[in-house]
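Below: one structure, written as structure tokens.
Each ligand, and each atom within it, is numbered from 1 in the order the structure gives.
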Amino acid sequence: MKRRVVALATMKGGSGKSTAALCLAAHWWNVGRSVAVIDADPQRSILRWQSSGKILSALECIGADESNIHKTITDCLDRGIERIVVDTPGFRAPVTEIAIAMAGLCLIPVRPSPVDFEVAADKVEMIAKMQAAGSEGPISYRFLLTQIIQGSVISRHMRNEMIAAGYPLLNAKMNHRVAYAEAALGGSTPTLEQPHGKVAREIKELAEEVDEFLE
Ligand SMILES: Nc1ncnc2c1ncn2[C@@H]1O[C@H](COP(=O)(O)OP(=O)(O)OP(=O)(O)O)[C@@H](O)[C@H]1O
Ligand SMILES: [Mg+2]
């Protein structure tokens, strides 16, 4: 059941959780899957983003917090929704742990910077503690490199460092592209703006790799 849920989580603010969450959701919606986005961040970026748009207003987005996240995810699973995307706050919060425990895949966006690398290490430690404490089952997680400057030394270095540290990394990545912010401005995503563009292709590759973890 939990394998239809993907949670975006990292304590590092601004790393691209909400962007990845909405881009994935819009992709799946665009290919005809039933999708719900659960906004578990008190900043409510997703809900605000959605309310500023036209196309995305058709996507089901639900606000949740620590008190009701479990029920909200369970309700979506019971309704048979095929892809349930959970966005979490950019700081340590109980709601994030609940979402991770209920997810078929936890995606951890990291930007190519030493600070993000350190936060990634904290995340690995947090997940290991959750596993040791007897979480509902094995926790699958993958790091997602985001805001990559194509061809840059730091981006290559970051990927190599993550691999050397043994951190599980998706092959797919999100490059640094102004199209993400520009689409957000209109309450949309690159997939919905230019379904055959290179940014939509990048999101498609990401969604298809995530699909392999979900059922
Ligand atoms: N791949 C990208 N290329 C360019 N800009 C990006 C990319 N991903 C995200 N951004 C921009 O970076 C900023 C932060 O992204 P986002 O809000 O998705 O991060 P977040 O992890 O959800 O932050 P928070 O922790 O505050 O919730 C936004 O202005 C967004 O438009
Ligand atoms: Mg966010």
For this session: May I ask whether Thr146 places a heavy atom under 4.0 Å from ligand 1?
Result: no
Exercise. What's the shortest distance from atom 26 (O) of ligand 1 to any protein heavy atom, and which residue and atom give it?
Worked result: Gln43 NE2, 3.4 Å
Problem set entry | Test side chain to side chain contact (heavy atoms under 4.5 Å, CB included) applied to Lys123 and Lys12, Met11, Glu118, the passing residue | Met11
Exercise. Does Arg177 reach ligand 1 with a nitrogen or oxygen that is under 3.5 Å from one of the ligand's nitrogen or oxygen atoms?
Worked result: yes
Problem set entry | side chain to side chain contact (heavy atoms under 4.5 Å, CB included) between Phe213 and Leu170, worked out | CA-CA 11 Å; Phe213 291 86; Leu170 287 187; 4.0 Å; yes
Exercise. Does the protein put a heavy atom less than 4.0 Å from atom 24 (P) of ligand 1?
Worked result: yes
For this session: Could you walk me through whether Glu97 and Met126 pass side chain to side chain contact (heavy atoms under 4.5 Å, CB included), step by step?
Result: CA-CA 9 Å; Glu97 291 201 20; Met126 174 192 156; 3.3 Å; yes
Problem set entry | For the student: nearest non-hydrogen atoms of Phe143 and Ala120, plus distance | CE2-CB, 3.4 Å
For this session: Output yes when a protein non-hydrogen atom is found under 4.0 Å of atom 14 (C) of ligand 1, and no otherwise.
Result: yes
For this session: In sequence, state the C-alpha distance, the side-chain angles, and the governing distance for Thr88 and Ile100, and then conclude on side chain to side chain contact (heavy atoms under 4.5 Å, CB included).
Result: CA-CA 9 Å; Thr88 66; Ile100 292 174; over 6 Å; no
Problem set entry | ligand 1 contact by Gly14, heavy-atom criterion under 4.0 angstrom | yes
Seminar exercise, completed: heavy-atom search around atom 17 (O) of ligand 1 in the protein gives Ser18 CB, 4.2 Å
Problem set entry | Short N-O contact, Arg177 and Glu202, less than 4.0 angstrom | yes
For this session: Measure the distance from atom 27 (O) of ligand 1 to every protein heavy atom, then report the residue, atom name and distance (to 0.1 Å) of the closest one.
Result: Asp41 OD2, 3.4 Å
Seminar exercise, completed: Closest heavy-atom approach to atom 1 (N) of ligand 1 among Val199, Ile203, Leu185, Asn175 is made by Asn175
Exercise. Under 4.0 Å from any heavy atom of Gly90, which atoms of ligand 1 are there?
Worked result: 25 (O)
Exercise. Is Thr88 in polar range of ligand 1, meaning some N or O pair under 3.5 Å apart?
Worked result: no
Exercise. Identify the closest protein heavy atom to atom 19 (O) of ligand 1: which residue and atom is it, and at what distance?
Worked result: Gly16 N, 3.1 Å
Problem set entry | Heavy-atom closest pair, residues Trp29 and Ala58 | CZ2-CB, 3.5 Å
Exercise. Which residue and non-hydrogen atom of the protein lie closest to atom 16 (P) of ligand 1, and at what distance in Å?
Worked result: Thr19 OG1, 3.6 Å
Exercise. For ligand 1, which atoms, with element, lie under 4.0 Å from some heavy atom of Ala181?
Worked result: 31 (O)
Exercise. Would you say ligand 1 has an N or O under 3.5 Å from any N or O of Met174?
Worked result: no
For this session: Indicate if the distance from the Mg ion (ligand 2) to the nearest N, O or S atom of Ser45 falls below 2.8 Å.
Result: no
For this session: Give a yes or no answer on whether the side chain of Asn160 reaches the backbone of His157 with a donor-acceptor pair at less than 3.5 Å.
Result: no
Exercise. Do Arg4 side-chain atoms and Leu214 backbone N/O form a donor-acceptor pair below 3.5 Å?
Worked result: no
Exercise. Taking N or O atoms only and a 3.5 Å limit, does Ser45 qualify as a polar contact for ligand 1?
Worked result: no
For this session: May I have the step-by-step check of salt bridge (charged side-chain N to carboxylate O under 4.0 Å, His left out) for Glu60 and Arg79, ending in yes or no?
Result: CA-CA 13 Å; Glu60 182 176 5; Arg79 285 165 53 208; 2.8 Å; yes
Problem set entry | Closest protein heavy atom (residue, atom, distance) for atom 12 (O) of ligand 1 | Gln147 NE2, 3.8 Å
For this session: Would you confirm whether Gln147, through its side chain, and Gly14, through its main-chain N or O, come within 3.5 Å as a donor-acceptor pair?
Result: yes
Problem set entry | NZ/Lys173: more than 12 non-hydrogen atoms of other groups inside 6.0 Å | no
Problem set entry | ligand 1 versus His176: contacting region, heavy-atom distance under 4.0 Å | both
